[in-house]
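Worksheet for the structure shown next.
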Amino acid sequence: MSRFLSSKYRDLEAYTPGEQPRDMKYIKLNTNESPYPPSKRVIDALSSDEVMKLNLYSDPTAKELKARIAELYGVESENVFVSNGSDDILNFSFMAFCEGDKTAVSFPEISYGFYSVYAELHGVKANVIPLKDDFSIDPCDYMKNDSTVVIANPNAPTGIALGLDDIEGIVKSNPDHLVLVDEAYVDFGAQSAIELTQKYSNLLVVCTFSKSRSLAGARLGFAIASKEIIADLEKIKYSTNPYNINRLSLIAGEMAILDNGYYMDNCKRIVETREYTQNALRKLGFYVTDSKANFIFAKSDKIGGEELYLKLKARGILIRHFSKEKIKDYNRITVGTKAEMDSLISAITEILKEL
Ligand code: PMP
């Protein structure tokens, strides 16, 4: 730390992203990327002609991309916000819709680690709400608690989803507060709340192209809400970085939406592989949560979470371990291809035999 850093940020604990190692080739099951490449239309559209235009700024209104997203989800372009990854949108949302202890934020204790970082970054009081013993969210905990509400659905890293009725109950019971539903993993088996944005003016749904749409490296996220909420996010964007999405990612996003069928087929494959892997892990004595995401959350009585993570890493397989006390026995394993999951299952079988 330099002596120039603002005192506001001296104690800030930054988010730790999953490892992105460059030293050797791992089977990478640690950051919930898609194992499948972008669709052919995306690849073809990223032509050298488009690269030639990188001397010019990108479209700050993202007109085409917003139109495509609006069309797919049956809303107007004015209901759509796009930015440089959904992390960017979450950051903007904490800036826009939370305020010190006047408008605190409530989110689950076990959830996406960035929520507490954004709360701290923006000096927002956080009500951190424990999950139930089975790791599910109790919707009643988020009703009328006089704060902005942030919920990942499905939740991460547990993978457990709330039904649409429960989400609607939370939104309905907080008419004077914004409810943000982070749907990063929704395409793998949960119900999206996007349709509810037509009915409730306090609902903001945040989505990403990083998981189901194979574009983690393009950094592209979108959000759907009332025109007024979207206008607030635009205000923050135009006050920080108007050209928030680069030219190539705008094109990749448009093409990915046009190729929706390809990505939804991939999601089906991932769901099948998830179920296959969960069954195999159960046979090896693991407990797994009822994940509706593109990852598995699992623990074994025979081996600790950290030990399994380290032993798999030594064998060239990366999974994610969190040191947080309540989940330290668990690991989060991204669902890769069937071949990758077979390698994982063989490696775990060997590791357990060696104990
Ligand atoms: N929300 C959740 C729950 C996530 O797990 C992630 C990915 N780490 C994000 C949002 C952010 O994804 P991205 O910035 O790649 O869109």
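Sequential numbering from 1 along the given sequence is applied to the chain's residues. All ligand and atom numbering here is 1-based and tracks the order in the structure. The model shown is predicted, which means the values in this text are computed figures rather than measured ones.
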Residues Tyr142 and Asp166: side-chain donor-acceptor under 3.5 angstrom: no
Smallest separation among heavy atoms of Phe286 and Ala298, with atom names: CD2-CB, 3.9 Å
- line: Of all protein heavy atoms, the one nearest atom 8 (N) of ligand 1 is Tyr112 OH, 3.2 Å
message: Quick test: of every protein heavy atom, which one is nearest to atom 15 (O) of ligand 1, and how far off is it to 0.1 Å?
response: Ser210 OG, 2.6 Å
field: atom 1 (N) of ligand 1: nearest protein contact (heavy atom, Å)
entry: Asp182 OD2, 2.6 Å
message: With a heavy-atom distance limit of 4.0 Å, tell me whether Asp87 approaches ligand 1 through its side chain, its backbone, both, or neither.
response: both
field: Shortest non-hydrogen contact from Asp134 toward Ile160
entry: O-CD1, 3.6 Å
query: Considering only heavy atoms of Arg219, which atoms of ligand 1 have at least one such atom less than 4.0 Å away?
result: 13 (P), 14 (O), 15 (O)
field: Enumerated ligand 1 atoms positioned under 4.0 Å from heavy atoms of Ala184
entry: 1 (N), 2 (C)
query: Between Tyr330 and Phe135, is the ring centre distance below 6.0 Å?
result: yes
- prompt: Which part of Ser86 is near ligand 1, with near meaning a heavy atom under 4.0 Å away: side chain, backbone, both or neither?
  reply: both
task: Report the C-alpha separation of Thr289 and Thr158 in whole Å, then their side-chain angles, then the decisive distance to 0.1 Å, and conclude whether the side-chain hydrogen bond (donor to acceptor under 3.5 Å, both in side chains) test is met.
output: CA-CA 7 Å; Thr289 60; Thr158 64; 5.9 Å; no
- prompt: With atoms numbered from 1 as shown, which atoms in ligand 1 lie under 4.0 angstrom from a non-hydrogen atom of Lys211?
  reply: 7 (C), 8 (N)
query: With a 4.0 Å cut-off on heavy atoms, is Phe114 touching ligand 1?
result: no
- prompt: Does NZ or CZ of Arg332 fall inside the cone over Phe295's six-membered ring, less than 6.0 Å from its centre and within 45° of the axis?
  reply: yes
query: Cationic tip of Arg282 within the cone over Tyr287's six-membered ring, i.e. under 6.0 Å and within 45° of the normal?
result: no
Option passing salt bridge (charged side-chain N to carboxylate O under 4.0 Å, His left out) with Lys66 (candidates Glu78, Glu254, Glu234): Glu234
message: Within the 4.0 Å heavy-atom shell around Gly85, which atoms of ligand 1 are there?
response: 14 (O), 16 (O)
message: Under a 4.0 angstrom heavy-atom cut-off, which atoms of ligand 1 come close to Tyr185?
response: 3 (C), 4 (C), 5 (O), 7 (C)
